[in-house]
Amino acid sequence: MSEPEAVSDEDFQKVCDFLYRRTGMLFTASKRYYVQRRISDRMSFLKIAYFPTYFSFLRSDADGEIEKFINAFTVNETYFYREEHQLRCLSTDLLNERVRSKRPGEALRIWSVPCATGEEPYSIAMWLLENWPEVDVQDVEIVGSDIDTECLTAARLGEFGQRALMRLTPALIGKFFTAAGNDRWRIVDDVRQSVQFTQANLMDRQETRSHGVFDVIFCRNVLIYFDLEAKIDVLNRLARMIEADGFLTLGAAETVVGVTSSFAPFPDRRGLYRPGQVPSMRSPSIAPVAGAGLRAVLAGR
């Protein structure tokens, strides 16, 4: 089959509008090659030569094409212990403060969204096991969510290349990973099973609400792909999913300042925010994976 035809200006805008409505991701003319390349890849895979035929196929969600199309546009570049200062803050300040407001036996809930291929939620688990003394007496639930189903499959497998481990010391790699061959490493089963992975589209109200309420949400390096309207929508939704005295962490290039009053910056803590005047929405927690939780990791060691 020959190379699929290039999309017209009108069709390019149709695709961008479709992606925006579904995901909140904003693509403009400056990203035309990026968008065209991914459309062409999907059309070639399906052996569809003409864009109108493919777009009808996409909109009908034949063979689950919407999910596959969205997967092609997600950016999943990350590594273990990224922005380590936020992990340090988690163990020295944030969780200790949250523990004081908990009833006996009540779980601490941490959400990593988007979690890509699992480096961030696994980093949280590893960091707490190494650096938070209370981890052996507190019930900690870690949930990693992403819109990309292929990423979630990889996250559950827990195998990583050398680049993902570049910030880890040899001692940490030896403690938390086993060699999987071909310069790849697999995270140990105890840690892998302590994290629950779920699909979540931050633009989908029902899909996010079903995850319940969290003490800390890591939502790093995704808002940079949204326009102002989508950022406001997502941040207001997240504010209803954090306990009233919980915490939100964003990436270094992101801020809530000038975007919404649902969150306020935490003094002297870069990338850290607390909910504003948004009522907490208490929903039932999602059921943890059997055997999940960091205390289970310690018990097995």
- Query: Does Glu159 offer a backbone N or O that forms a donor-acceptor pair with the side chain of Arg184 under 3.5 Å?
  - Reply: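 Yes: the side chain of Arg184 pairs with the backbone of Glu159.
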
- Any donor-acceptor pair under 3.5 Å from Trp111 side chain to Ile217 backbone: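 No; judged by distance alone, with no hydrogens or angles, the pair does not exist.
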
- Is Arg32 close enough and on-axis enough to Phe12, meaning under 6.0 Å and within 45°, for cation-pi?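 Yes, a cation-pi geometry.
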
- Query: Within 45° of the axis and under 6.0 Å from the centre of the six-membered ring of Phe266, does NZ or CZ of Arg269 qualify?
  - Reply: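 Verdict for Phe266: no cation-pi partner in Arg269.
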
- Would you mind telling me which of Leu90, Leu87, Leu95 makes a side chain to side chain contact (heavy atoms under 4.5 Å, CB included) with Trp132?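 Answer to the side chain to side chain contact (heavy atoms under 4.5 Å, CB included) test with Trp132 among Leu90, Leu87, Leu95: Leu95.
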
Is there side-chain contact between [X] and [Y], with heavy atoms separated by less than 4.5 Å?
X: Arg22; Y: Met203; answer: no
X: Thr249; Y: Cys219; answer: no
X: Met241; Y: Thr208; answer: yes

- Query: Are a donor atom and an acceptor atom from the side chains of Gln86 and Arg220 found within less than 3.5 Å of each other?
  - Reply: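 There is such a pair between these side chains.
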
- With no hydrogens and no angle check, do the side chains of Ser91 and Asn131 hold a donor and an acceptor under 3.5 Å apart?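 There is no such pair (donor and acceptor under 3.5 Å, judged by atom type) between the side chains of Ser91 and Asn131.
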
- Item | Plane angle bin for Phe27 and Tyr34 - parallel if under 30°, tilted between 30 and 60°, otherwise perpendicular |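 Aromatic pair Tyr34/Phe27 classed parallel.
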
- Less than 6.0 Å separating the ring centroids of Phe55 and Tyr50?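 Not close enough - the centres of the two rings lie 6.0 Å or further apart.
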
